[in-house]
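Predicted model only: the values in this text are computed from it and were never measured.
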Amino acid sequence: MDRIPNSYFQTYDSLFLAQDLIGKTLVRQFDTGEIIRRKILETEAYLGKEDLACHASKGKTPRTSVMFEEGGKVYVYFIYGMYWLLNIVTGEKDHPQAVLIRGIEECLGPGRIGKLLQLDKSFYGENLETSSRIWIEDSSLKGSVLSTPRIGVDYAGEIWKNKPWRFVHENLT
DNA sequence: CAGAAGATCGGG
DNA sequence: CCGATCTTCTGC
């Protein structure tokens, strides 16, 4: 399978890519050489500094700065004292946005994915086009994609918490 | 500088 | 339903 180049992540916004990434293949290669390949089944879009659920709405900080870069990089962050959540930065430089990977084949839940893939802060800013340990490959998956409100963002206020920006493949359930 | 909450998960 | 466990942000 072919690795997807960063032009793909830079050409579209997170709302489109969150849907389009469903069925594409997330690849992780460990130091041992072992490779995990799983199709993406669930995502969420976080779109711009106006989106109060998006970390970038707090402005450009050490934690969020990678979202202000051009698409194709990894945004990981540590939460609840134990989980590394995996996001893909999308869009153009200075248009902060990202797609949260919430579910892949045989591994549902963003916290569990970080654990399965053994992510840590060293993945912050990792380039998906050139990395030897994490990238996305082109693939497809038959079936429809459903959308729902995003999970765990009730703090973002009525407008943003209700945006149907979570996408799940029908196979998921 | 202290306190609280967080894009979560698993156990009781 | 709550504890784990620590980074980040906010308010005093």
Contact class for A/G81 vs. all strands (heavy atom < 4.0 Å): base, sugar-phosphate, or nothing? base
Taken to the nearest whole Å, CG/A/L116 to P/B/dC9 is 13 Å
Pairing of A/E105 and A/R38 as salt bridge, 4.0 angstrom limit: no
Whole-Å distance, A/I79 CD1 to C/dC6 P, equals 14 Å
Of B/dG10, B/dA7, C/dT10, the nucleotide closest to the side chain of A/K58 is C/dT10
Map A/R112 and A/V153 onto DNA chain B by nearest heavy atom, then report which one ends up closer to the 5' terminus. A/V153
Expressed as a whole number of Å, how far does the P atom of C/dT5 sit from that of B/dA2? 22 Å
Rounded distance in Å - NZ (A/K121) to C1' (C/dC6): 12 Å
Looking at the side chain of A/M67, which of C/dC9, B/dC9, B/dA7 is the nearest nucleotide? B/dA7
Using atom CG of A/L108 as one end and atom P of B/dG10 as the other, report the distance to the nearest whole Å. 11 Å
Base, sugar-phosphate or nothing for A/F78? Non-hydrogen atoms, less than 4.0 Å. sugar-phosphate
For the residue pair A/Y8 and A/Q10, confirm or rule out a side-chain donor-acceptor distance under 3.5 Å. no
Does the side-chain ring of A/Y80 sit on the six-membered ring of the B/dT8 base, less than 5.5 Å centre to centre and under 30° in tilt? yes
Among B/dA7, C/dT7, B/dC9, find the nucleotide with the atom closest to the side chain of A/Y155. B/dA7
Between atom OH in A/Y77 and atom P in B/dT8, what is the gap in whole Å? 6 Å
Sugar-phosphate only, base, or nothing, as touched by A/L100 at under 4.0 Å among non-hydrogen atoms: base
Going by purine N1 to pyrimidine N3 plus the second Watson-Crick contact, or the G-U wobble pair, all under 3.5 Å, which nucleotide sits opposite C/dT5? none
Under a 4.0 Å threshold between the charged nitrogen and the carboxylate oxygen, would A/K24 count as salt-bridged to A/E137? no
A/Y46 atom OH is separated from B/dG6 atom C1', nearest whole Å, by 12 Å
Atom CG of A/D120 and atom P of C/dC6: how far apart are they, to the nearest Å? 15 Å
Under-4.0 Å salt bridge between A/D94 and A/K49: no
Think A/T61 has a side-chain N or O under 4.0 angstrom from the OP1 or OP2 of C/dT8? no
Interatomic distance, OG@A/S144 vs CD@A/E170, rounded to 0.5 Å, equals 3.5 Å
Closest to the A/R63 side chain, choosing from C/dT10, C/dT8, B/dT8: C/dT8
Atom pair distance, as rounded to whole Å: CH2 in A/W84 and P in C/dT5: 16 Å
